[in-house]
Engineer: 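The structure's right below; bear with me while I get my questions together.
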Amino acid sequence: MNKKLVLVDGNSIAYRAFFALPLLTNDQGVYTNAVYGFTNMLMKILEDQEPSHILIAFDAGKTTFRHEQFESYKSDREKTPPELSEQMPIIKEVLQAFQIKVTRIELYEADDIIGTLSKRGEDEGFDVRIYTGDKDLLQLVSERTHVAITKKGITNVEWFDEAHMEEVYGIPASHIPDMKGLAGDSSDNIPGIPKVGEKTALKLLKEFGNIEEVLNSSEQVSGPKLRERLTEFRDQALMSKELAVIHRESPVEESLSDLEYTGYETNDVRKLFTEYGFNSLMKHIGVDDEEQIEAKERALEEFTFHHEQEITEDMLQSPAALVIESPTENYHHAEIWGLGIVNENGSYTVPMDVALQSDDFKAWLADETKEKYVFDGKKLTVMLGWEGFDVRGIVFDTLIASYLIDPSLSSHDLANIAERREMTSVLLDEEVYGKGAKQQKPEADALNDHIARKTATIWKLQPLLKEELTTNDQWQLFETLELPLALVLSEMELEGVKVDQEQLKQMGVELDERLGQLERDIHELAGEDFNINSPKQLGPILFEKLGLPVIKKTKTGYSTAADVLEKLEGEHDIIPNLLHYRQISKLRSTYVEGLLKVIHGKSNKIHTRFNQALTQTGRLSSQDPNLQNIPIRLEEGRKIRKVFVPSEENWYILAADYSQIELRVLAHMSGDEKLMEAFHEGQDVHTKTAMDVFDVSKDDVTDTMRRNAKAVNFGIVYGISDYGLSQNLGITRKEAQSFIDKYFETYPNVKRYMDESIAYAKEHGYVTTLLKRRRYLHDINNRNFNLRSFAERTAMNTPIQGTAADIIKKAMVDVANTLNDQSLKSRLLLQVHDELIFEVPESELETMKQLVSDLMSQTISLDVPLVVDVEFGKTWYEAK
DNA sequence: ACAAACACGC
DNA sequence: GACGTACGTGTTTGTA
């Protein structure tokens with residue numbers, strides 16, 4: 001048998017895993033990110049190496065024999081964060097479950113254990129493979145011993161054998177301590193020689209051999225300063241080298257035969273993975289999805305329900321939990337599988353065709369006084385809407401409740417919502433039905449069981465979630481804003497938007513022609529045919545064949561993104577053609593073909609779906625198709641809007657948008673007089689910002705000043721960093737930072753408000769909007785600068801963007817109610833973050849212009865006016 | 001089936 | 001000492 005000894009630097013890998021992953025916790029709130037990363041790495045090692053022998057070495061306590069030589073050894077090292085220390089025992093548990101030997105020795109480091117065992121291994125004819133993040137261990141590389149150094153991420157490593165050592169360092173492995181002796185190592189607080197870094201050290205060693213020879217030949221070294229330092233710090237260098245030498249005769253008790261690896265018990269590992277929530281790792285230990293689900297099914301609570309072949313009086317009570325089951329993601333094309341009702345009388349399922357034929361059921365659905373608890377009422381309402389049913393009386397929606405309680409949760413599936421509240425009453429749809437191509441309808445009994453469980457879960461969750469909302473002071477937000485909005489959105493989605501299909505096709509033909517011409521030109525300019533849509537093919541052509549300067553690289557090669565191409569505009573005729581090609585290509589695929597694909601067969605309209613429970617800020621999103629990113633900035637793209645037309649003769653498209661709503665919200669929430677002034681006086685806010693920031697009069701504001709001011713305003717609203725701003729303006733980070741500083745000097749109350757937001761977040765762990773929407777910022781006190789900075793920017797930005805979202809949502813509810821109350825025919829069709837799109841009969845145009853503008857600007861009262869611009873036209877394009 | 005690169009809106 | 005930088009959706013390519 002192949003003798004292969006794998007030695008792992010446990011502390012190093014744990015550290016790496018901890019910092020590479022966000023601070024995950026399992027459902028008990030135990031931190032698990034380092035355990036997860038470590039386990040992932042461990043399994044990769046076992047898979048890749050199939051070791052015959054393996055050991056994980058850990059450091060012992062704080063002091064080691066090296067401290068006797070040099071007391072400040074590793075003294076500057078930051079203390080291990082408690083969030084990581086807590087995880088070390090769990091890592092040991094994992095290793096135990098995997099039946100892998102672990103060791104540590106007092107006064108020695110993991111390095112020394114590894115050094116000793118690798119030597120013993122080599123002597124006994126083993127191939128040795130070492131995993132670590134610490135380059136010190138490279139000194140052990142030999143013909144039989146290879147070292148893997150962790151790179152970006154956790155499971156990525158760079159392998160060093162003798163040849164690769166030569167390539168990278170140009171010195172033999174055994175001279176790594178010599179290098180440390182000269183260059184030192186700030187992370188271990190090894191001093192080395194001041195001002196000598198890795199580069200210099202390598203140069204010297206390549207020239208003279210080892211450290212002693214370098215020091216002895218110091219008079220031959222070029223550079224007088226360096227020569228002096230070599231003499232002056234001679235002893236320090238020698239001591240540094242000694243510190244870096246790994247001890248290869250440490251008192252390791254384990255013999256090699258103790259380290260023999262015979263594998264693990266799947267069950268032990270599975271138990272542990274379940275405990276810590278490592279479901280994604282299950283498949284790596286040969287526990288497949290079905291086994292997992294079976295295990296879960298066995299764990300489900302006992303549950304009984306009645307499957308009936310007719311709708312009965314017992315079912316149509318109030319309140320009741322209601323499930324209309326459909327596996328179809330896009331509910332405009334839903335296949336309905338069944339119906340579940342749970343109320344005081346019990347739990348029922350009924351075949352859907354039976355329910356659809358029942359007038360009693362239809363009346364119950366449409367009866368506002370019959371209170372219904374649901375999961376995703378919008379989906380339910382739209383699905384039944386397509387079937388000609390009206391749904392009223394939804395008074396609780398578990399999806400929306402879960403979203404409001406914590407939008408940051410990665411999943412608001414019913415099973416997850418329940419699981420978080422210690423309920424084991426239901427499985428995920430995916431677990432029952434399978435996913436993707438493997439999805440299939442189960443046997444009737446299993447299907448009805450699942451439907452009944454879902455319905456019962458909603459029933460049981462309702463009081464819990466209501467309590468949580470109340471505790472969070474979010475009940476009003478839920479009841480008067482989000483829940484009514486869900487109904488408004490369902491009407492918008494069901495109504496759909498009419499598009500001029502013929503015109504869209506015509507645009508497709510024209511774009512095709514232009515694309516063909518551009519393609520020919522580009523191929524000619526490149527001197528060869530290639531796939532222009534492939535950055536992988538385009539990169540080498542631009543930056544190798546045509547020799548254009550490389551501005552930016554991506555993970556996988558050259559960046560060919562628009563901002564890069566724009567910098568190359570003057571360099572080659574191919575560039576403008578490429579930019580144009582990209583633009584046209586986007587229009588054709590996403591907008592022309594994309595929209596044609598989603599015209600609904602039954603209505604000949606486009607029916608998007610708004611996701612009301614997704615964004616972290618409270619905004620909506622739109623999909624299938626996304627009607628919130630229809631082109632507007634460039635004229636060519638904007639023409640797409642011409643195909644969006646009213647669905648009836650002599651009607652108009654009316655667009656009403658809030659002017660600068662986020663900045664107005666900021667002015668209101670911060671109470672900054674200077675910023676409020678701009679809005680009270682009805683000035684152009686970017687010009688006003690430029691005047692204030694650059695301290696000039698209105699006439700002296702240059703285009704550049706206004707552009708900079710606008711970018712800073714933009715940055716404030718979106719919470720971008722100095723880096724983001726610098727990218728936007730094509731300036732350095734320093735310059736961007738100084739703009740931001742100036743902005744805060746100019747608007748001190750904005751600064752104060754931002755600081756208060758951060759302080760609030762640090763104290764409470766979340767920030768809120770005007771209407772009590774919440775966003776938790778888990779990294780707000782993180783030691784990692786970037787994560788913390790990001791959380792801080794989010795703390796500043798979310799109350800602003802989120803409040804703007806609150807406002808337009810409230811306006812939507814107001815508008816929908818008023819249209820209804822006044823029996824107007826006009827219909828709300830779309831929302832695009834700060835604007836509402838309607839279709840309006842000619843006879844209502846004047847009424848609507850006034851009404852919509854008034855309702856939107858008065859839906860909430862701020863200390864600055866909310867200004868609404870209203871436009872209309874025969875198409876969306878003309879409503880500008 | 002999934003990731004990467006790119007581009008559109010706010 | 002480096003982390004990776006507003007959010008969301010959709011398209012295409014290219015690989016597993």
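Just the heavy atoms: all of them, side chains too, but no hydrogens, waters or symmetry mates, feed the values below.
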Engineer: For the side chain of A:Ser721, starting at C-beta, report the closest nucleotide among B:dA5, B:dA7, C:dT5.
Structural biologist: C:dT5
Engineer: Does A:Arg588 reach the main-chain N or O of A:Leu511 with its side chain, forming a donor-acceptor pair under 3.5 Å?
Structural biologist: no
Engineer: Could you identify the nucleotide paired to C:dA2, looking across every strand shown and requiring Watson-Crick or G-U wobble geometry with both distances under 3.5 Å?
Structural biologist: none
Engineer: Categorize A:Gln616 for me: base, sugar-phosphate, or nothing, with a 4.0 angstrom heavy-atom threshold over every strand shown.
Structural biologist: sugar-phosphate
Engineer: Just N and O in the side chain of A:Ser621: are any of them under 4.0 Å from OP1 or OP2 of C:dT9?
Structural biologist: yes
Engineer: Scan A:Asp722 against the nucleic acid and name what it touches under 4.0 Å (heavy atoms): base, sugar-phosphate only, or nothing.
Structural biologist: nothing
Engineer: Would you classify A:Gln537 as touching base, sugar-phosphate or nothing, given that sugar-phosphate means primed atoms plus P, OP1 and OP2, and contacts are heavy atoms under 4.0 Å?
Structural biologist: sugar-phosphate
Engineer: When all nucleic acid strands are considered with a 4.0 Å heavy-atom cut-off, which category describes A:Thr560: base, sugar-phosphate, or nothing?
Structural biologist: sugar-phosphate
Engineer: Can you find a donor-acceptor N/O pair under 3.5 angstrom joining the side chain of A:Arg619 to the base of B:dC10?
Structural biologist: yes
Engineer: Please tell me if A:Thr617 has a side-chain N or O lying less than 4.0 Å from either OP1 or OP2 of C:dC7.
Structural biologist: no
Engineer: Under 4.0 angstrom, heavy atoms only, what part of the nucleic acid is A:Phe790 near: base, sugar-phosphate, or nothing?
Structural biologist: sugar-phosphate
Engineer: Of all the choices, B:dG9, B:dC8, C:dT5, which nucleotide is nearest to the side chain of A:Arg793 once you look at every atom?
Structural biologist: C:dT5
Engineer: Report which part of the nucleic acid A:Ser559 touches: base, sugar-phosphate, or nothing (heavy-atom distance under 4.0 Å, all strands).
Structural biologist: sugar-phosphate
Engineer: Is the closest basic N to carboxylate O distance between A:Glu792 and A:Lys762 below 4.0 Å?
Structural biologist: yes
Engineer: From the list C:dT9, B:dC10, C:dT11, which nucleotide is the closest neighbour of the side chain of A:Lys597?
Structural biologist: C:dT11
Engineer: Kindly point out which of C:dT11, C:dA6, C:dG8 is positioned nearest to the side chain of A:Thr590?
Structural biologist: C:dT11
Engineer: Whether the A:Glu662 and A:Gln801 side chains hold a donor-acceptor pair (N or O, under 3.5 Å, no angle test) is what I'd like checked.
Structural biologist: no
Engineer: Under 4.0 Å, counting only non-hydrogen atoms across every strand here, what does A:Asp834 touch: a base, just sugar-phosphate, or nothing?
Structural biologist: sugar-phosphate
Engineer: From C-beta outward on A:Lys536, which listed nucleotide comes closest to its side chain: C:dG14, C:dT5, B:dA7?
Structural biologist: C:dG14
Engineer: By nearest atom, which of the nucleotides C:dG10, C:dG8, B:dC6 is closest to the A:Leu614 side chain?
Structural biologist: C:dG8
Engineer: If only side-chain N and O atoms of A:Asn629 are considered, is one of them under 4.0 Å from the OP1 or OP2 phosphate oxygen of C:dG8?
Structural biologist: no
Engineer: Kindly point out which of B:dA7, B:dG9, C:dT12 is positioned nearest to the side chain of A:Arg641?
Structural biologist: B:dG9
Engineer: Nearest of C:dT9, C:dC3, B:dC6 to any side-chain atom of A:Arg582?
Structural biologist: B:dC6
Engineer: Answer yes or no: is there an ion pair linking A:Asp563 with A:Lys552, defined by an N-O contact shorter than 4.0 Å?
Structural biologist: yes
Engineer: Over all strands shown, is A:Asp624 touching base, sugar-phosphate only, or nothing at heavy-atom distances under 4.0 angstrom?
Structural biologist: sugar-phosphate
Engineer: Any strand counts, and the cut-off is 3.5 Å on both contacts for Watson-Crick or G-U wobble. Which nucleotide pairs with C:dG14?
Structural biologist: B:dC2
Engineer: If you only use heavy atoms from C-beta on, which nucleotide in C:dT12, B:dC6, B:dA4 is closest to the side chain of A:Glu593?
Structural biologist: C:dT12
Engineer: Which of the following nucleotides, C:dC7, B:dC10, B:dC6, is nearest to the side chain of A:Val832?
Structural biologist: B:dC10
Engineer: Using a strict threshold of under 4.0 Å (side-chain N to carboxylate O), is an ion pair present between A:Glu431 and A:Lys438?
Structural biologist: no
Engineer: Below 4.0 angstrom, N of the basic side chain to O of the carboxylate: do A:Asp429 and A:Lys435 qualify?
Structural biologist: no
